[in-house]
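What follows is a set of notes on a single structure, which appears directly below.
Both counts, for ligands and for their atoms, begin at 1 and track the order of listing. Positions are given from 1, in the same order as the sequence printed here.
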Amino acid sequence: MWWTGAVFYEVYVRSFADHDGNGIGDLRGITDRLPYLAELGVDAVWLTPFYRSPMADHGYDVADPRAVDPLFGDLAAFDALLARAHGLGLRVTVDLVPNHTSDQHEWFRAARGAEPGDPERSRYIFRGGRGPDGVEPPNNWPSVFGGPAWTRLPDGQWYLHLFASEQPDLNWSHPEVAADLDTTMRFWLDRGVDGFRIDVAHGMAKPAGLPDLSPDALHGLHSMSDSNDPRFDNDGVHEVHRGVRRTLDAYPEVMAVGEIWVGDDERVARYVRPDELHLAFNFRLLESPWNAEELRTAVDRSLRSIAGTGTPACWVLSNHDRPRHVTRYGGGKVGLCRARAAALLQLALPGVAYVYNGDELGLPDVDLPDEALQDPIWERSGHRERGRDGSRVPLPWAGDEPPYDFSPGASSWLPAPEGWAGLTAAAQGDDPCSILNLYRHALRIRRTWRGRSAMAPEASLTWLELPRDALGFVREDGLVCVLNAGTEPIVLPPGDLLLASGPLTSLTTSADSGGLALPPDTAAWLAST
Ligand code: NOJ
């Protein structure tokens with residue numbers, strides 16, 4: 001299957017490239033830049049939602065899943081993007097948002113206009129409140145974005161929204177809900193898309209009776225990545241994925257990856273059973289700090305979780321919901337060195353890799369001023385949490401000034417900072433030592449390396465004996481990856497050097513003379529001899 005061992009590139013549509021000059025990325029902007037992605041060497045793109053939406057959660061509040069929002073273009077622009085991508089050998093996958101709709105979706109508008117108890121309300125989760133006159137929400141659930149997970153309508157009923165109040169949760173026991181997802185999938189598959197990324201894929205089934213969260217569960221909640229949150233990963237969700245798979249199986253060579261924030265490895269594996277999804281994002285690397293033991297545990301756990309499923313692991317370092325890894329690893333020069341090393345780790349691991357737009361440019365998060373913040377989390381948390389905008393700043397393409405050729409206009413929806421001239425794709429393209437060229441080089445090796453045999457599902461790796469602050473492994477096909485997360489250089493294991501994330505040094509002791517050392521915060525690939 002084409003996705004086994006593929007490298008996907010996440011295009012956060014608002015922030016990738018703006019064609020029409022309004023400062024917001026769009027489909028034509030993406031099409032213009034597809035040759036850049038082909039040259040980078042990725043196999044596929046994932047486009048975040050570009051469907052009709054009031055943009056309360058920047059497109060994850062979908063008002064019509066089978067229409068393009070005018071902000072991003074139209075269906076003709078989408079078809080042109082798809083044709084150009086396919087012409088360049090790139091697959092195109094798109095987002096599906098089955099857990100909720102926008103409050104402007106025709107179903108919710110009808111529900112809002114109907115009486116309590118009317119069937120129009122039954123596609124969502126409406127309940128009466130508690131306390132005198134039902135003034136208290138039906139249970140104590142908070143929204144993942146802050147504030148309560150319930151909003152009351154003037155007629156007294158409450159509706160559930162695990163995210164923003166503009167994102168009412170769908171009732172998946174209603175048959176029309178599943179039927180509509182099928183129609184949406186077929187709509188895009190018939191146009192030629194190669195697959196889907198499924199938003200909150202562990203969220204559609206709610207616990208029976210919608211019970212209160214225990215004080216412990218409430219206390220421990222931070223985000224939907226909280227593995228102890230009983231509102232996610234309920235068994236009924238697998239029926240949804242079996243339905244998704246039935247639809248996909250009617251088309252050749254198409255796939256789905258689920259966004260699954262579940263802590264228990266065995267429970268993650270359930271999502272990739274043979275009649276469910278093809279891939280489950282693995283967020284263990286993204287959640288791991290810069291520490292050899294923790295990175296190694298992240299890899300081990302991830303491989304264990306898919307062992308026996310026949311599906312490849314799916315590695316993620318960053319995405320549009322989390323701080324970028326340059327920043328997570330300490331920022332500045334150190335953060336960048338570590339990000340370069342982490343890229344070699346991610347791209348050497350057996351399985352699928354997802355690169356978030358800007359990873360390949362080594363972008364850090366941007367500290368945006370309060371007035372620039374747009375993530376609903378900022379308002380909903382009463383300005384206690386700044387939200388995710390810092391990792392969503394538009395990509396710098398060329399030039400010395402913001403918005404760095406992101407847009408023909410003078411500004412961008414989130415302001416790019418001063419000082420990114422050296423990070424632009426154009427500047428880095430000309431610099432053989434840039435992180436962009438490191439990615440290009442690594443992806444070239446990965447594509448051609450011994451027939452990609454190690455990218456087979458469940459390809460195994462063997463850990464090397466190395467100093468405690470380093471990790472390294474050899475894959476079945478002889479590719480060796482070593483990463484030094486410590487503070488002292490380490491001796492490189494034997495093998496022919498293929499690529500290093502930074503300069504190597506010579507060993508100084510006479511016993512080792514002639515050998516090479518891997519400095520701190522550096523990784524290397526070797527061909528085992
Ligand atoms: C996960 C998406 O990645 C995130 O951006 C969005 O806010 C939530 N799901 C809700 O759809």
Side-chain angles (χ1 to χ4, degrees), residues 8-16 25 46-63 65 69 93-105 108 124 141-147 149 160-170 172 181 184 196-204 206 221-226 229 231-233 237 240 256-262 271 277 279-283 286-287 314 316-324 354 356-358 365 373-381 385-393 413-414:
F8 288 73
Y9 184 94
E10 178 190 352
V11 171
Y12 189 69
V13 173
R14 290 179 81 83
S15 299
F16 187 68
W46 149 33
L47 305 179
T48 56
F50 50 85
Y51 317 119
R52 201 158 64 69
S53 164
M55 305 290 165
D57 186 21
H58 296 131
Y60 281 98
D61 49 320
V62 180
D69 194 279
T93 64
V94 301
D95 231 302
L96 283 181
V97 189
N99 181 68
H100 44 265
T101 68
S102 159
D103 64 346
Q104 297 307 311
H105 189 287
F108 196 77
Y124 294 91
W141 293 4
S143 141
V144 169
F145 289 167
L160 177 70
H161 50 88
L162 290 182
F163 297 91
S165 56
E166 297 89 347
Q167 291 166 294
D169 278 54
L170 284 162
W172 268 86
L181 184 68
T184 298
F196 300 100
R197 175 266 188 188
I198 301 183
D199 190 59
V200 204
H202 58 324
M204 282 75 82
K206 309 295 185 277
L221 289 189
H222 292 301
S223 67
M224 68 172 166
S225 56
D226 195 300
D229 188 333
R231 299 172 301 171
F232 294 98
D233 190 34
V237 81
V240 177
V257 58
E259 185 206 20
I260 295 153
W261 292 94
V262 170
Y271 290 80
L277 305 178
L279 298 171
F281 278 136
N282 191 298
F283 295 121
L286 178 151
E287 289 179 313
C314 185
V316 183
L317 282 172
S318 280
N319 66 25
H320 65 278
D321 291 327
R322 289 306 178 99
R324 287 181 174 278
Y354 271 79
Y356 174 45
N357 58 200
D365 265 27
L373 296 179
Q374 305 212 19
D375 187 342
I377 290 179
W378 172 239
E379 288 302 329
R380 288 195 62 89
S381 70
E385 287 183 46
R386 300 187 73 73
R388 302 159 292 179
D389 293 321
S391 63
R392 297 175 173 181
V393 169
W413 72 282
L414 290 171

Quiz item: Would Thr101 and Tyr124 count as having a side-chain donor-acceptor pair, cut-off 3.5 Å?
Solution: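 Yes, side-chain donor-acceptor contact under 3.5 Å.
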Could you tell me, atom by atom, which parts of ligand 1 come under 4.0 Å of a heavy atom of [X]?
X	result
His320	2 (C), 3 (O), 4 (C), 5 (O)
Arg388	4 (C), 5 (O), 6 (C), 7 (O)
His100	10 (C), 11 (O)
Val200	9 (N)

Practice problem: Pick one of side chain, backbone, both or neither for how His58 approaches ligand 1, counting any non-hydrogen atom pair under 4.0 Å. | Solution: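 For His58, no heavy atom sits under 4.0 Å from ligand 1.
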Exercise. Between Phe281 and ligand 1, find which residue part has any heavy-atom pair under 4.0 Å and reply side chain, backbone, both or neither.
Key: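 None of Phe281 does.
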Quiz prompt | Distance in Å, His161 NE2 paired with Asp61 CG, rounded so as to fall on 0.5 Å steps | solution =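 One gets 13.0 Å once the value is rounded to the nearest 0.5 Å.
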Quiz item: In Å, rounded to the nearest 0.5 Å, how long is the span from CH2 of Trp261 to CG of Leu286?
Solution: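 Going from the CH2 atom of Trp261 to the CG atom of Leu286 covers 5.0 Å.
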Quiz item: Mind checking whether Arg392 has a heavy atom under 4.0 Å from ligand 1?
Solution: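 Yes, Arg392 has a heavy atom closer than 4.0 Å to ligand 1.
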Quiz item: Can a non-hydrogen atom of Arg197 be found less than 4.0 Å from any atom of ligand 1?
Solution: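 Flag set, Arg197 near ligand 1.
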Quiz prompt | Set of ring-ring contact (aromatic ring centres under 6.0 Å, His included) partners for Trp141, sequence neighbours left out | solution =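 Here no residue qualifies.
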Quiz item: So, for Phe281 and Phe283, is the gap between ring centers shorter than 6.0 Å?
Solution: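 Yes, ring centres under 6.0 Å apart.
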Quiz item: Aromatic ring centroids of Tyr271 and His202 under 6.0 Å?
Solution: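 No, the ring centres sit 6.0 Å or more apart.
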Quiz item: Among Asp61, Asp199, Asp95, Thr48, whose heavy atom sits nearest atom 1 (C) of ligand 1?
Solution: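 Among Asp61, Asp199, Asp95, Thr48, the closest heavy atom to atom 1 (C) of ligand 1 belongs to Asp199.
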Quiz item: Does Arg197 have any salt bridge (Lys or Arg N to Asp or Glu O under 4.0 Å) partners at least two apart in sequence or in another chain, and if so, which?
Solution: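 Checked Arg197 against salt bridge (Lys or Arg N to Asp or Glu O under 4.0 Å); matches are Asp95, Asp199, Glu259.
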